[in-house]
Amino acid sequence: MQIYTILAQLALVSVVAAAQPTVYLIRHGEKPSSGNGLSAAGMQRAQCLRSVFGKSSSYNIGNIMAQTYKADGSRKRPYDTVTPLAADLGLPVDTSCDRDNASCVENVVKGYKGSGNILICWEHDALSDIVDELGAKKDNVPSYPSDRFDIIWTDPYSYDAGVTSQTSEKCPGLDS
Ligand SMILES: *[C@@H]1O[C@H](CO)[C@@H](O)[C@H](O)[C@H]1NC(C)=O
């Protein structure tokens with residue numbers, strides 16, 4: 001009997017360990033000079049993200065979130081940016097949280113029971129609010145530069161350390 005108890009405990013430990021996802025935060029791709037949607041460069045970035053975060057990468061993405069978009073096509077850039085990647089990974093894009101509702105994002109992240117890590121694609125100003133809401137100390141919450149589209153923020157479980165590293169997507173032809 002005892003061996004089964006031990007095995008059950010080991011199984012429980014691995015389930016708990018799996019539910020400690022790292023959160024990766026990115027901005028949507030480049031935008032046109034006016035109107036909704038992505039520019040040609042933005043679409044190129046969306047394609048590039050298939051290799052950056054795809055199955056053969058080390059990111060192990062198990063859940064993808066993008067801000068809720070509107071019927072008129074506004075706020076849809078984050079969704080458009082991650083859709084090709086999501087299709088590759090066979091994942092839905094969770095658009096249940098409004099751009100300005102960081103506490104909704106927190107609920108999804110902290111309630112996540114699946115395997116793998118979480119990729120969040122959002123409007124750049126609101127990324128700081130999400131990191132803040134997840135529990136970061138104020139001085140570990142960077143601002144996403146308005147002239148950049150390529151930076152990946154890493155916010156590891158349990159999120160109180162905030163953004164611990166920033167790296168470029170290094171998309172060929174877009175990022176130097
Ligand atoms: C934010 O999202 C939560 C769901 O997590 C919802 O209950 C709440 O009403 C939302 N707040 C606003 C202001 O929309």
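Just follow the structure's listing: the first ligand is 1, and inside any ligand the first atom is 1.
- Shown here, atom 9 (O) of ligand 1 is out of close reach of the protein: none of its heavy atoms lies under 4.0 Å off.
- Looking at T68 and D98, their side chains never bring a donor and an acceptor atom within 3.5 Å of each other.
- On a distance-only criterion, S103 and ligand 1 share no N/O pair closer than 3.5 Å.
- Atom 5 (O) of ligand 1 has N107 ND2, 3.1 Å as its closest protein atom, hydrogens excluded (heavy atom only).
- Taking the centre and axis of the six-membered ring of F149, the NZ or CZ atom of R27 falls inside the cone set by 45° and 6.0 Å.
- When only non-hydrogen protein atoms are considered, atom 12 (C) of ligand 1 lies nearest to N101 ND2, 3.4 Å.
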- prompt: Can you list the steps and then say if D175 with K170 is a salt bridge (Lys or Arg N to Asp or Glu O under 4.0 Å)?
  reply: CA-CA 5 Å; D175 307 322; K170 296 195 184 79; over 6 Å; no
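- P172 is listed as a side-chain neighbour of C48, based on a closest heavy-atom distance under 4.5 Å.
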